[in-house]
Protein chains: 2
Amino acid sequence: MISSNELLRGTLRTIVLKLLYEYGRMYGYEITQKVKDLSGGEIQLTFGALYPTLHKLEKEGVLSTTSEVVDHRSRKYYELTETGEATASTKIEEYFAFIGNMNKIMSAQSNIA
Amino acid sequence: MISSNELLRGTLRTIVLKLLYEYGRMYGYEITQKVKDLSGGEIQLTFGALYPTLHKLEKEGVLSTTSEVVDHRSRKYYELTETGEATASTKIEEYFAFIGNMNKIMSAQSNIA
DNA sequence: TTAGTATATATAATTTTCTTATATATGATT
DNA sequence: AATCATATATAAGAAAATTATATATACTAA
């Protein structure tokens with residue numbers, strides 16, 4: 001599993017914003033499971049990184065929350081605010097632009113014939 | 001320019017190892033220019049991040065150095081050691097695996113028909 | 001002549017981010 | 001009774017990056 005890969009650094013916000021942009025309301029635990037599922041078990045977010053990030057995004061006005069109790073357990077649902085939608089959209093575009101540039105570097109070949 | 005993009009975090013070692021794997025000997029400044037060129041000016045490494053990383057890789061035995069004076073300026077060339085070649089090869093593979101998994105997440109679509 | 005740009009390396013202080021550990025609580029399974 | 005899965009939260013410490021600063025040579029433009 002790739003979860004502790006250094007490449008995961010810096011991708012957390014982008015992942016959270018993409019999933020909420022796509023799926024609407026999600027709670028923290030659900031986000032970790034979705035990432036695990038989509039990546040075939042290869043990428044696993046840690047709670048120690050995820051929850052502080054969610055709290056920070058809420059504080060910044062990017063996300064809003066609603067709490068619910070399901071099966072006697074409390075869940076805290078997060079969703080994008082209006083400004084959050086724009087932030088997410090921008091971040092998603094930036095992701096693909098960045099990967100494009102990274103791939104240019106990572107596919108570079110020296111001119112040895 | 002994307003240089004201050006948070007996505008750049010965690011990619012520095014991978015970039016350095018890839019370029020040295022491909023081009024052989026390079027010095028620090030040259031690495032920053034190569035990255036800038038390959039990315040069409042979009043990605044710019046900072047010296048404050050690059051030099052400590054190069055020093056750390058040398059300390060770990062991944063890189064070896066030779067100093068030269070060119071045009072009255074000193075250059076410190078870095079190259080992969082034998083173990084460094086293996087490290088680089090692994091890191092490059094890990095990069096593509098990671099990007100594959102990230103793209104699964106970043107291309108996810110909800111099933112709204 | 002002096003100011004700015006380019007080349008070249010280095011480090012220190014601070015900030016940000018992440019890992020790891022810990023805490024709490026319920027429900028289901030072994 | 002113990003373990004695993006669900007669910008959130010925070011704190012301590014480590015790692016990595018940003019920003020600022022320092023040093024030095026060469027070239028160009030005002």
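Chain identifiers are assigned alphabetically (A, B, ...) following the order of the sequence lines, protein sequences preceding nucleic acid strands; residue numbering begins at 1 within each chain. Only heavy atoms go into these numbers, but all of them, side chains included; no hydrogens, no water, no symmetry mates.
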Whole-Å distance between [N] [atom2] and [X] [atom1]?
X     : N      : atom1 : atom2 : value
A/L50 : C/dA21 : CG    : P     : 19 Å
B/L45 : D/dT18 : CG    : C1'   : 13 Å
A/R13 : C/dC18 : CZ    : C1'   : 14 Å
B/E58 : C/dT11 : CD    : C1'   : 16 Å
B/L12 : C/dT17 : CG    : P     : 17 Å
B/D37 : C/dA6  : CG    : P     : 14 Å
A/E68 : D/dT8  : CD    : C1'   : 15 Å
A/E30 : D/dA5  : CD    : P     : 18 Å

Has [X] got a side-chain N or O lying under 4.0 Å from the OP1 or OP2 atom of [N]?
X     : N      : value
A/Y51 : D/dT8  : yes
B/T46 : D/dT18 : yes
A/K56 : C/dT17 : yes
A/H72 : D/dT6  : no

When we call it a touch if two heavy atoms are under 4.0 Å apart, what does [X] touch: a base, just sugar-phosphate, or nothing?
X     : value
B/R75 : sugar-phosphate
A/G48 : base
B/Y27 : sugar-phosphate

**OP:** Looking only at side-chain atoms of A/Q33, point me to the closest of C/dT7, D/dT6, C/dT19.
**Re:** D/dT6
With the threshold set at 4.0 Å, does a side-chain nitrogen-carboxylate oxygen contact exist between [X] and [Y]?
X     : Y     : value
B/E60 : B/R13 : yes
A/E22 : A/K18 : yes
A/R73 : A/E68 : no

**OP:** Take B/Y95 and A/N5, measure what side-chain hydrogen bond (donor to acceptor under 3.5 Å, both in side chains) needs, and give me the verdict at the end.
**Re:** CA-CA 9 Å; B/Y95 169 78; A/N5 192 307; over 6 Å; no
Original post:
Between B/Y29 and B/K76, which has a closest nucleotide on DNA chain C that is more 5'?
Top reply: B/Y29
Original post:
Between A/D71 and B/R73, who's closer to the 5' end of DNA chain D by nearest nucleotide?
Top reply: A/D71
**OP:** Nearest-nucleotide wise, let me know which of A/R9 and A/H55 is further upstream toward the 5' end of DNA chain D.
**Re:** A/H55
**OP:** Could you tell me the separation between the CG atom of A/L38 and the CG atom of B/N101, rounded to the nearest 0.5 Å?
**Re:** 10.0 Å
